[in-house]
Amino acid sequence: MLTLHDCHLCEHARDVIARLGRERPIVVEETAWDSPEGQRLVQRDGIPFAPAVYIDGGFVAYGRISEGALRGRLAKREGTRRWLPWLRLP
């Protein structure tokens, strides 16, 4: 995920990803928007503003991230398997 410091949309994206992460393991790597790697991705993918979300290195979305759309992209990535909430023991 490409992020900016003090970005309310970045916080929203983190919240969305955290909710999805309660259903299955998700590894999140953040890259600063203004870092060399971040700027390379911004230029390559034509991203107008933060945050930008990638799945397995592929650009998925930017701006206000939709939980439903992100859930759909993750489900598509996994094929026909359905998402089942993880049982968390106390």
Q: Would you please test E29 and M1 for side-chain contact (heavy atoms from CB on, under 4.5 Å) and show each step?
A: CA-CA 6 Å; E29 294 178 13; M1 184 165 72; over 6 Å; no
(Q) I'd like to know whether L41 forms a side-chain contact (heavy atoms from CB on, under 4.5 Å) with F59, so could you lay out the CA-CA distance, the side-chain angles of the two residues, the decisive distance to 0.1 Å, and finally the verdict. (A) CA-CA 9 Å; L41 292 170; F59 174 70; over 6 Å; no
(Q) Is there a side-chain contact (heavy atoms from CB on, under 4.5 Å) between L74 and I26? Walk through the geometry before answering. (A) CA-CA 10 Å; L74 289 168; I26 294 177; 4.3 Å; yes
Q. What's the verdict on side chain to side chain donor-acceptor pair (under 3.5 Å) for Y62 and D45, showing C-alpha distance, side-chain angles and the deciding distance?
A. CA-CA 10 Å; Y62 72 90; D45 298 326; over 6 Å; no
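Contact annotation: the side chain of I55 approaches that of R73 to within less than 4.5 Å [non-hydrogen atoms, C-beta and beyond]. Here the side chains of W33 and V42 are in contact, with some heavy-atom distance below 4.5 Å. Annotation: side chain of V16 is in contact with side chain of R19 (closest heavy-atom distance under 4.5 Å). In this structure, I47 and L2 have side chains that are in contact, with non-hydrogen atoms separated by less than 4.5 Å.
Residues C10 and A50 share a closest heavy-atom pair of SG-CB, 4.0 Å. The heavy-atom pair separating G46 from P48 by the smallest distance is O-CD, 3.3 Å. Heavy-atom minimum distance, H12 versus I65: NE2-O, 2.9 Å.
Between D56 atom CG and R77 atom CZ the span is 4.0 Å, to the nearest 0.5 Å. The CG atom of L4 sits 10.0 Å away from the CG atom of L9 when rounded to the nearest 0.5 Å. Here the straight-line distance linking atom OG1 of T31 with atom CD of Q39 works out to 11.5 Å at 0.5 Å rounding.
Side-chain contact check for E30 and T3: at least one donor-acceptor pair (N or O, by modelled atom type) lies under 3.5 Å.
Hydrophobic clustering keeps L70 apart from F49 (ILVMFWY residues linked when any side-chain heavy atoms are closer than 4.5 Å, directly or through intermediates). Linking Ile, Leu, Val, Met, Phe, Trp and Tyr whenever their side-chain heavy atoms come within less than 4.5 Å puts V28 and V53 in one cluster.
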